[in-house]
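When reading the values below, keep in mind they use all heavy atoms of this one structure, side chains included, and skip hydrogens, waters and symmetry mates.
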Amino acid sequence: MTTPRSEFLRVVQERGYMHQCTDWEALDKRLSEGPAAAYIGFDCTAESLHVGGLMQIMLLRWWQKTGNKPIVLMGGGTTRIGDPTGKDEARKMLTDEVIARNMAGIKKVFAKYLTFGDGAGDALMVNNADWLDQLNYIAFLRDYGKHFTINRMLTFDSVKLRLEREQPLTFLEFNYMILQGYDFAELWARHKCLLQMGGSDQWGNIVNGVELGRRVHQAELYGLTSPLLTTSSGVKMGKTLGGAVWLNADMLSAWEFWQYWRNTEDADVGRFLKLYTELPLDDIAKLEALQGAEINEAKKVLANEVTRLCHGEAAAREAAETARKTFEEGALSDNLPTVTIATAELAAGIPAFALFVRAGLVASNGEARRLIQGGGGKVNDVAIKDPAEMVGNGALKDGVIKLTAGKKRHTLVKPE
RNA sequence: GGAGGGGUGGCCGAGCGGUCAAUGGCAGCAGACUGUAAAUCUGCCGGUGUACACCUACGUUGGUUCGAAUCCAACCCCCUCCA
């Protein structure tokens with residue numbers, strides 16, 4: 001792989017976004033000749049995307065930054081089918097209402113990363129339900145179905161895996177890749193979109209689209225996939241204490257989001273800086289080279305930058321400041337997650353374990369008891385011994401009670 | 001359609017009449033050590049009440065039994081071989 005001439009592919013190569021490409025040389029040649037349109041599809045399976053999809057968003061952002069037109073494809077139609085890729089069994093069918101709600105949630109995040117509009121380089125958002133929902137079955141089979149051989153479809157990993165494991169693959173799911181291929185061809189026809197990007201698991205689906213475009217429209221289309229990201233410990237990215245690391249603020253606060261990145265393993269810092277921030281590579285190299293505890297500075301930069309992109313400058317600064325106060329000064333910060341308790345109730349006193357449950361730091365009374373008995377529960381930074389210890393107004397300091405579970409999870413309790 | 005094997009806690013995977021809330025591993029949580037890292041060591045790891053208890057749980061529904069994840073029957077689903 002030689003150094004690309006096009007700016008976009010240079011970024012892709014240098015920053016580690018590249019896993020596979022259908023024709024790297026040809027794509028480079030094409031991109032160096034002028035702007036183009038590319039798309040990435042997002043199925044509407046949850047109310048928000050999580051960090052697993054962040055790399056794709058960054059790809060679109062770079063694509064736009066390097067002078068090209070990004071297209072965000074919402075899978076309003078394909079979500080009704082369900083992508084069988086990488087799954088052992090069919091996913092539950094989502095109702096149209098759920099899909100619509102999910103789409104509304106997912107849409108929000110893109111405005112933060114892309115500039116939408118009607119201009120040449122402006123991002124465009126489309127929904128494949130617009131063309132999939134009214135497909136005529138017979139006409140579709142005749143026009144497009146004839147280009148897919150079962151023989152070939154059986155060779156794709158997503159299908160092969162199911163067959164080898166002898167897990168059922170329904171005809172419904174089997175059609176997913178055809179429809180995704182059709183999406184690509186359709187986006188070429190509508191918007192001269194010549195590149196589809198996606199995670200490495202999408203390779204088969206993407207290749208289908210490339211071939212379909214060539215057969216139906218004699219178009220030269222390209223596919224490019226990004227690596228599946230795991231942490232250095234081999235864990236798939238995107239899990240945090242509470243669950244997935246969502247991108248939408250109403251599902252995961254900016255503070256928790258910032259914390260997620262701040263807690264990156266040493267070995268991942270450089271890689272993540274390249275993938276999830278836009279810092280110049282020279283700067284990243286310097287940060288990456290920090291040794292020992294120094295590398296914490298790099299983690300802060302990482303958390304600041306990623307949070308700034310996703311939640312905005314103010315939220316990032318606030319999270320950083322909250323962290324500084326909380327962890328470096330050991331002081332109280334107003335911006336920690338907060339729950340309120342009725343004044344009268346607090347005055348009467350609440351058992352410590354119950355308070356931890358109320359604060360959302362643990363899921364059950366039993367868990368709270370175990371946490372406290374294990375020495376992991378603190379009230380105002382002092383470990384408590386007895387789960388049943390009453391906490392009341394006497395614990396108020398500056399009008400709040402600070403609860404801590406373990407070393408990193410803090411919540412403030414305020415009377416109201 | 002016939003013969004056989006199997007469905008166990010988030011996952012993998014033991015258990016095959018009581019001592020089973022169910023061995024073990026992974027994941028997770030906490031403590032120690034640190035740097036809000038990794039590795040390591042230790043504890044915890046269904047719920048409610050914190051002894052004892054009770055509830056919920058081993059595909060579903062019934063049955064046998066003082067007592068079942070364990071035995072029986074029917075049903076559902078998966079797998080293997082034969083047709």
Between [X] and [Y], does at least one N-O distance fall below 4.0 Å, as a salt bridge requires?
X: A:Lys397; Y: A:Asp381; answer: no
X: A:Glu321; Y: A:Arg324; answer: yes
X: A:Glu313; Y: A:Arg317; answer: yes
X: A:Arg10; Y: A:Glu7; answer: no

Quick one, A:Arg370 with A:Glu367, criterion salt bridge (Lys or Arg N to Asp or Glu O under 4.0 Å). Give me CA distance, side-chain angles, the key distance, then yes/no. CA-CA 5 Å; A:Arg370 291 193 292 267; A:Glu367 198 182 316; 5.2 Å; no
Residue whose nearest RNA chain B nucleotide is more 5′ - A:Gly406 or A:Ser364: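 Between the two, 5'-proximity favours A:Gly406.
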Between A:Gly366 and A:Gly377, name the one whose nearest nucleotide on RNA chain B is closer to the 5' end.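 Residue closer to the 5' terminus by nearest nucleotide: A:Gly377.
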[atom1] atoms of [N] and [M], separation to the nearest Å:
N: B:rU48; M: B:rC72; atom1: C1'; result: 35 Å
N: B:rU70; M: B:rG17; atom1: C1'; result: 6 Å
N: B:rA57; M: B:rG47; atom1: P; result: 15 Å
N: B:rG59; M: B:rG43; atom1: C1'; result: 35 Å
N: B:rG6; M: B:rG18; atom1: C1'; result: 25 Å
N: B:rA14; M: B:rG25; atom1: P; result: 15 Å
N: B:rU60; M: B:rG7; atom1: P; result: 13 Å
N: B:rG9; M: B:rU61; atom1: P; result: 15 Å

Value in whole Å for how far the [atom2] atom of [N] lies from [atom1] of [X]:
X: A:Glu297; N: B:rA37; atom1: CD; atom2: P; result: 15 Å
X: A:Asn365; N: B:rC55; atom1: CG; atom2: P; result: 19 Å
X: A:Tyr260; N: B:rA37; atom1: OH; atom2: C1'; result: 14 Å
X: A:Leu403; N: B:rA30; atom1: CG; atom2: P; result: 15 Å
X: A:Ile372; N: B:rC29; atom1: CD1; atom2: P; result: 18 Å
X: A:Leu371; N: B:rU50; atom1: CG; atom2: C1'; result: 15 Å

Would you please confirm or rule out a distance under 4.0 Å between OP1 or OP2 of B:rU50 and any side-chain N or O of A:Arg370?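 Looking at the OP1 and OP2 atoms of B:rU50, neither is under 4.0 Å from any side-chain N or O of A:Arg370.
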Identify whether any heavy atom of A:Gln373 sits under 4.0 Å from a base atom; if not, whether one sits that close to sugar-phosphate; answer base, sugar-phosphate or nothing.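 It contacts base atoms.
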More than 12 heavy atoms of other residues, nucleotides or ligands under 6.0 Å from CG of A:Asp398: is that the case? no
Intra- and interstrand pairs of RNA chain B - dot-bracket, Watson-Crick/G-U under 3.5 Å, | marks other strand: ((((((((.[[[..)..(.....]]].(((((.......))))).(((....)))...[[[[[..)....]]]]]))))))).
Got A:Cys310 and A:Lys112 here, is their nearest side-chain heavy-atom distance under 4.5 Å? no
Are the side chain of A:Asp28 and the backbone N or O of A:Trp24 linked by a donor-acceptor pair below 3.5 Å?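 Side chain of A:Asp28 to backbone of A:Trp24: no pair is present.
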Pull out every protein N or O sitting under 3.5 Å from an N or O of nucleotides 34-36 of chain B, one pair per line with the distance.
| unit_1 | atom_1 | unit_2 | atom_2 | d |
| --- | --- | --- | --- | --- |
| B:rG35 | O6 | A:Asp266 | OD2 | 3.3 |
| B:rG35 | N1 | A:Asp266 | OD1 | 3.3 |
| B:rG35 | N1 | A:Asp266 | OD2 | 2.5 |
| B:rG35 | N1 | A:Gly292 | O | 3.4 |
| B:rG35 | N2 | A:Asp266 | OD1 | 2.5 |
| B:rG35 | N2 | A:Asp266 | OD2 | 3.4 |
| B:rG35 | N2 | A:Asn296 | OD1 | 3.4 |
| B:rG35 | N2 | A:Lys299 | NZ | 3.0 |
| B:rU36 | O2' | A:Asn263 | OD1 | 2.2 |
| B:rU36 | O2 | A:Gln259 | OE1 | 2.9 |
| B:rU36 | O2 | A:Asn263 | OD1 | 3.3 |
| B:rU36 | O2 | A:Asn263 | ND2 | 3.4 |
| B:rU36 | N3 | A:Gln259 | OE1 | 3.4 |
| B:rU36 | N3 | A:Gln259 | NE2 | 3.4 |

Only one of A:Thr225, A:Val12, A:Leu54 passes side chain to side chain contact (heavy atoms under 4.5 Å, CB included) with A:Leu59; say which it is.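 With A:Leu59 as partner, A:Thr225, A:Val12, A:Leu54 yield a single side chain to side chain contact (heavy atoms under 4.5 Å, CB included), made by A:Val12.
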Sort out for me which residue in A:Leu279, A:Ile295, A:Leu302 forms a side chain to side chain contact (heavy atoms under 4.5 Å, CB included) with A:Leu287.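 Only one of A:Leu279, A:Ile295, A:Leu302 forms a side chain to side chain contact (heavy atoms under 4.5 Å, CB included) with A:Leu287, namely A:Leu279.
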